[in-house]
Amino acid sequence: MTPTPAGTGTPPMRERIIEAAAELFYTQGIRAISAEKIIAKVGITKVTFYRHFPTKDELIVAYLERRAHWERTAVEAARQATGGQVSEVFRLIAEGIGAESCSPGFRGCPFINAAAEYADAEHPVRRVVDAHRRWFKATIEEMLEEIGVTDAASAADQLVMLRDGAMVAGYLGDPQTVGRSLYNAGRAVLEFHR
């Protein structure tokens with residue numbers, strides 16, 4: 001999140017717009033939310049809105065990039081907190097997904113949700129989704145290589161697929177079991193590839 005200017009106590013306008021859009025996009029769907037709804041939620045004029053985001057697509061991209069930054073920071077924090085012990089990093093990631101899927105208002109993965117609404121792989125929204133997924137897979141693959149998994153690329157594909165399933169299960173199924181189930185399934189994948 002962008003720091004609040006000293007002494008103002010309120011975030012910069014761009015952040016206020018992204019924050020409002022994030023809440024509305026996540027709870028109601030990206031295509032269902034118009035610029036007018038975001039403008040009304042923030043309490044600004046159209047001129048102010050369009051000065052920061054000339055198109056709705058630019059705002060959607062900013063929303064997803066903000067979420068991607070949050071996830072990257074969380075994964076890096078898990079790596080640092082565990083001193084790089086990969087099995088512990090995976091445990092923390094699984095627990096984080098489990099905790100998130102148990103939180104009030106959880107509606108699945110923002111990236112999966114966005115991809116479902118934007119089928120065109122060349123659309124800017126899909127490019128952000130794809131870039132984030134490539135980063136996540138590459139990060140998992142790197143950690144797997146660190147612990148000597150022989151076919152790290154295949155194992156990473158399987159772990160990413162498990163993560164995707166866990167996000168859907170948290171929304172559609174019993175979120176209380178997500179973290180534990182994800183961790184146990186991930187351990188089975190690692191055992192298979194050792």
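Heads up: numbering here begins at 1 and tracks the sequence.
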Short N-O contact, Arg91 and Glu88, less than 4.0 angstrom: yes
Applying ring pair (Phe, Tyr, Trp, His ring centres under 6.0 Å), name anything that partners His123, two or more places apart in sequence or on another chain. Tyr118
Mind checking whether Phe49 and Tyr63 sit in one hydrophobic cluster, side chains of I, L, V, M, F, W, Y counted as touching below 4.5 Å? yes
Would you check, one step at a time, whether the test side chain to side chain contact (heavy atoms under 4.5 Å, CB included) holds for Thr48 with Val42? CA-CA 10 Å; Thr48 300; Val42 181; over 6 Å; no
Ignoring hydrogens, what is the shortest heavy-atom contact between Val61 and Val125? Give both atom names and the distance. CG2-N, 4.2 Å
Kindly determine whether Met167 and Phe111 satisfy side chain to side chain contact (heavy atoms under 4.5 Å, CB included), including the steps that lead there. CA-CA 10 Å; Met167 296 301 277; Phe111 297 98; over 6 Å; no
Nearest-0.5 Å distance that lies between atom CZ in Arg187 and atom OG in Ser87: 9.0 Å
Carefully, step by step, assess Asp164 and Arg133 under the rule side chain to side chain contact (heavy atoms under 4.5 Å, CB included). CA-CA 10 Å; Asp164 291 348; Arg133 290 180 66 76; 2.7 Å; yes
Looking at side-chain heavy atoms only, is the closest gap between Asp57 and Ile60 below 4.5 Å? yes
Between Ile30 and Asn113, does the side chain to side chain contact (heavy atoms under 4.5 Å, CB included) criterion hold? Intermediate values first, please. CA-CA 8 Å; Ile30 294 171; Asn113 295 347; over 6 Å; no
Hydrophobic cluster membership, Phe53 vs Met13, 4.5 Å side-chain cutoff: yes
Interatomic distance, Leu190 atom CG to Gln158 atom CD [nearest 0.5 angstrom]: 9.5 Å
State yes or no: do Val75 and Ile147 share one hydrophobic cluster built from I, L, V, M, F, W and Y residues joined by side-chain heavy-atom distances below 4.5 Å, directly or via other members? yes
Atom pair NZ (Lys137) and CZ (Arg163), whose distance is rounded to the nearest 0.5 Å: 15.0 Å
I'd like to know if Phe136 and Tyr183 are part of one continuous hydrophobic network [Ile/Leu/Val/Met/Phe/Trp/Tyr, side-chain heavy atoms within less than 4.5 Å]. no
Approximate separation, where rounding is to 0.5 Å, of Arg134 CZ and Arg127 CZ: 10.5 Å
Specify the closest pair of heavy atoms between Ala156 and Leu144, including all atoms of both residues, with the distance to one decimal. N-CD1, 3.5 Å
By the definition salt bridge (charged side-chain N to carboxylate O under 4.0 Å, His left out), identify the one residue from Lys41, Arg14, Arg66 that meets it with Glu19. Arg66
same_hphob_cluster(Leu159, Val168) at 4.5 Å side-chain heavy-atom cutoff: yes
Work out which heavy atom in Met143 is nearest to a heavy atom in Phe90; give both atom names and the distance. CE-CE2, 3.7 Å
Could you give the distance from CG (Leu162) to CG (Asn184), rounded to the nearest 0.5 Å? 11.0 Å
Closest contact, heavy atoms only, Tyr26 versus Gly105: CE2-O, 3.5 Å
Using a 3.5 Å distance criterion without hydrogens, assess whether the side chain of Ser181 forms a donor-acceptor pair with backbone atoms of Val178. no
Ignoring hydrogens, what is the shortest heavy-atom contact between Arg72 and Ala131? Give both atom names and the distance. NH2-O, 4.0 Å
Test salt bridge (charged side-chain N to carboxylate O under 4.0 Å, His left out) on Arg126 and Glu122; report intermediate values, then the result. CA-CA 7 Å; Arg126 281 298 297 274; Glu122 296 306 313; over 6 Å; no
Do you know the tightest heavy-atom contact between Leu59 and Ile38? CD2-CD1, 3.5 Å
Would you say Tyr50 has more than 12 foreign heavy atoms packed within less than 6.0 Å of its OH? yes
Could you measure the distance from the CG atom of Asp157 to the CD atom of Glu141? Nearest 0.5 Å is fine. 7.5 Å
Trp135: ring pair (Phe, Tyr, Trp, His ring centres under 6.0 Å) partners, not counting sequence neighbours: His132
Give every residue pair that meets the salt bridge (Lys or Arg N to Asp or Glu O under 4.0 Å) criterion with at least one member in residues 102-112, sequence neighbours excluded. none
